[in-house]
Every structure is written in structure tokens, then in C-alpha cells.
Amino acid sequence: MAPVSGPDALSGWAVRHPGPITSGPLMSVRRPAPEPGPDDLLLRVEACGVCRTDLHLAEGDLPPHRPSTVPGHEIVGRVTATGEAVTRFRAGDRAGGAWLRGTCGVCRYCRAGHENLCPASVYTGWDADGGFADAALIPADFAYPLPETQDATLLAPLLCAGIIGYRALRRSALPAGGRLGIYGFGASAHLAAQVALAEGATVHVLTRSAQARELALALGASSAGGAYDRPPEPLDSAILFAPVGDLVPVALQALDRSGTLAVAGIHLSDIPPLTYQRHLFYERNLRSVTSNTREDGREFLATAARIGIQVTVSPYPLSRAPEALADLAADRVHGAAVLTPG
């Protein structure tokens, strides 16, 4: 290991007992600073985005994989120590840690370029401690080099909200110049919309938040209505970002013939019964989105830099992580919530 001076202890938040956010599932923790293994990076966290997946973990919608895990997987940090086998990064580099943190590399999914479907995949903030802390350990092979000059709070949401939104956009099979509907307009949606707009799409946003509708129109959406409203024209593609199963038939009915709906969340409430004739006939397609590949991450980060993507953030000090999750649960976050240590 190539050590650099760093904290003697890790301070942050862990999921104590998953439950409703009002029950206080997060607890403040102070632990010995983690030691990098041969292939790891130790990061001093500069910023960590707050993802709806973190909320699902805290509330128990996703069952915990280990006790007292530090959530957070949109991590921007400085390398303070590297494992002896690491060659891509060195002390002082800026690096990002994301949701996907490991795969087997040898299964048929990995070999076919679908590592997001690897049965042995592991995840930051679920299978290992994440970025709701002032330090985090990240496998170097799953870390992303990040630009030195950008504000860390603006980079953090790109590492999950951005990457997953990008994969959802590709899964929606949006044709060139197509009509895209976006259901829910939080962190991920406001970034995916900008990619679609840059590629020449017409974007219609459907969300219950008046503030989110204002943001959508400011970013260039052609219309912004309520979550259950009908868009002003048939859609070629749609993405459901809101974790609301009731919206699946609503979005399917809004599709034109041969249109595709991609469901982007890791958790979704139950979908009501679908009627074949109303929701699926005329070759309408329903797809899920599962994690991402590292290639998705590289492509999205390059695209974000090229189009000058605008990231709308609501910053919180790390000490207010429970409040950030509560605000996310209540749809009080404008854009993406981001925690900043220190």
C-alpha cells in the first residue's frame, strides 16, 4: 500500500434498523478508517449524492445485505491511499465511486458485456460501506476518474442518478428525434432529460411536483403536466422514474404503436392488472432497468462533459443526512440531494 496522511477514523451514518424514515433508521457512527486491500482506493469523501436507493435501503424496501451498513453510492473523493496492485490511480487523484462495485467477470453475463446482470454482483452502500461518511473504500477497477475543476457537489449525482438515467434512456429505445415521456422528475430524470434533448428528442414530463415541472420546462421540456395526465401527443418512448407501480398502465397507454416503456427504479410498488388490448397491443414494450455496466458509466460521463449537462442540487452537510433522506421521501428535494462532509 502507498499510504498518504488521512483520518484515523471514519465518521458517518449507518442503517441501524431499517424502517420508515420517521423512525430514525440512520445512526451516527465513528469507526476505524478502512485499510485498502491490494485492489482498492481509500477516498477522502468530498461529496456524496443521496439516491432514492439509499432511501429504499433505510426504509427496508431493499433487505439489508449486512448489518449497520453506511449507505451512499454517488461518491466524489480524493485518493488518500491505494492498494499495492493499483496502477490507474495515485494519491491526490480525484475519483468517483458508484453503485456497481464488483462482478465475477467470468459468468456468461459478464462475458457477454452484461455485467449489470452478474449473479455475483455487489454494490456500494449495500454489500459494503458507502459514502455517507468522510472516507470510503472503493475497488479501483470500478472507480471513475473525475475532472479536477468541477464542484464535487455537481459531480456526485452523475455517478448514479446520471448513469442509471442514461441506461434507462437507452433501454427506452428512443428513436432519433423521438417523443419521450418522463414520469417523475427528480435527480435521475432531470439529467436523462438533458441527454435526450441534446440528441434532438421532444420531451414531455409528467410529475406531481409543481417545482419539478418548473425545472423541466426551464431545461427545455416541451410540456410538463401531472403524473397521471395524458401527454399532449403519443409517445415513442417513456421512462418511469417514480417508484409508483400505478403509473405503469398510465405510461403504457400514453405510448404510440411499437413504443417502449422503461422502468428505471430498483424498487417499485405493485403494478395493477394490465389489459392486453389497452396497454400492450400494437407491440408496445415494457422493460426493466437493472443497475448499469461500467461502459454505461464511461459513456454517460463523456456525454455529460460534451453537452455541458446542468446539475441541479440541494446540498446538505453530512451531519444532516437523516434530514436529506426525509426530504427525499417527502419530495421536498429540488434536483438532487448531496451530502458534504466537514
Side-chain angles (χ1 to χ4, degrees), residues 52-53 100 108-109 112-118 121 160-186 188-207 216 221-293 295-297 299-300 303:
R52 190 164 290 275
T53 300
L100 184 68
R108 67 188 184 95
Y109 302 104
H114 305 305
E115 64 181 4
N116 60 307
L117 302 179
C118 174
S121 56
C160 179
I163 294 172
I164 291 296
Y166 180 81
R167 184 170 184 85
L169 180 62
R170 295 296 175 246
R171 290 283 292 166
S172 76
L174 179 66
R179 301 158 297 178
L180 174 68
I182 294 180
Y183 290 80
F185 204 72
S188 197
H190 94 285
L191 300 174
Q194 292 179 64
V195 176
L197 288 165
E199 294 176 347
T202 299
V203 174
H204 301 288
V205 170
L206 298 308
T207 181
S222 294
S223 73
Y228 291 86
D229 290 350
R230 190 135 185 129
E233 60 181 335
L235 305 173
D236 298 302
S237 301
I239 306 172
L240 176 57
F241 286 107
V244 181
D246 285 348
L247 287 173
V248 170
V250 172
L252 285 170
Q253 280 189 270
L255 292 176
D256 205 350
R257 300 177 184 216
S258 81
T260 298
L261 168 63
V263 179
I266 192 172
H267 171 79
L268 188 72
S269 61
D270 288 345
I271 300 172
L274 300 177
T275 300
Y276 178 69
Q277 200 71 30
R278 291 173 59 196
H279 302 122
L280 295 171
F281 197 56
Y282 295 122
E283 299 189 354
R284 297 186 183 99
N285 304 287
L286 175 60
R287 291 178 166 182
S288 65
V289 180
T290 300
S291 186
N292 64 276
T293 67
E295 184 60 25
D296 292 329
E299 287 182 8
F300 170 70
T303 299

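Since we're looking at a predicted model, the values are computed, not measured. Each residue takes its place number in the sequence, starting with 1.
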Side chains of H279 and R284 in contact at under 4.5 Å (non-hydrogen atoms): no
Inter-residue atom distance I163.CD1 - N292.CG, 0.5 Å rounding: 5.5 Å
Inter-residue atom distance L169.CG - D296.CG, 0.5 Å rounding: 11.0 Å
Indicate the atoms forming the closest heavy-atom contact of L180 with S172, along with that distance. CD1-OG, 4.3 Å
State the OG-CG distance between S223 and L206, to the nearest 0.5 angstrom. 7.0 Å
Between R171 (side chain only) and S288 (backbone N and O only), is there a donor and an acceptor less than 3.5 Å apart? yes
Looking at every non-hydrogen atom in both residues, tell me the closest pair between A227 and V250 and how far apart they are. O-CG1, 4.2 Å
Backbone N/O of G184 and side chain of T207: donor-acceptor pair under 3.5 Å: no
If I compare all heavy atoms of R257 with all of Y282, which pair ends up nearest, and what's the gap? NH1-CE2, 3.3 Å
Criterion side-chain contact (heavy atoms from CB on, under 4.5 Å) against L255, the qualifying member of L286, N285, L235: L235
Distance-minimising heavy-atom pair for I271 and P249: CG2-CD, 4.4 Å
Is S269 reaching over with its side chain to a backbone N or O of G245, donor-acceptor style, under 3.5 angstrom? yes
Separation between CG of L247 and CG of L261, rounded to the nearest 0.5 Å: 9.5 Å
So CG of L252 and CZ of R278: to nearest 0.5 Å the spacing works out to 11.0 Å
Between the OG1 atom in T260 and the CD atom in E283, the distance rounded to the nearest 0.5 Å is 10.5 Å
Can you give me the closest heavy-atom contact between A221 and V205, atom names plus distance? CB-CG2, 4.1 Å
Here the pair of heavy atoms bringing G113 nearest to T293 is O-CG2, 3.9 Å
Taking N116 for its side chain and T290 for its backbone only, find out whether a donor-acceptor pair lies under 3.5 Å. yes
Report yes if the side chains of L240 and L268 come closer than 4.5 Å at any heavy-atom pair, otherwise no. yes
Once salt bridge (Lys or Arg N to Asp or Glu O under 4.0 Å) is applied, what residue pairs with a partner in residues 224-252 remain, sequence neighbours excluded? R179-D236
Expected output: side-chain S188 to main-chain G165 donor-acceptor under 3.5 Å: yes
Walk me through whether Y228 and V244 qualify under side chain to side chain contact (heavy atoms under 4.5 Å, CB included). CA-CA 11 Å; Y228 291 86; V244 181; 3.8 Å; yes
Taking S222 for its side chain and T202 for its backbone only, find out whether a donor-acceptor pair lies under 3.5 Å. no
Parallel, tilted or perpendicular, judged at 30° and 60°: which one describes the rings of F300 and Y166? tilted
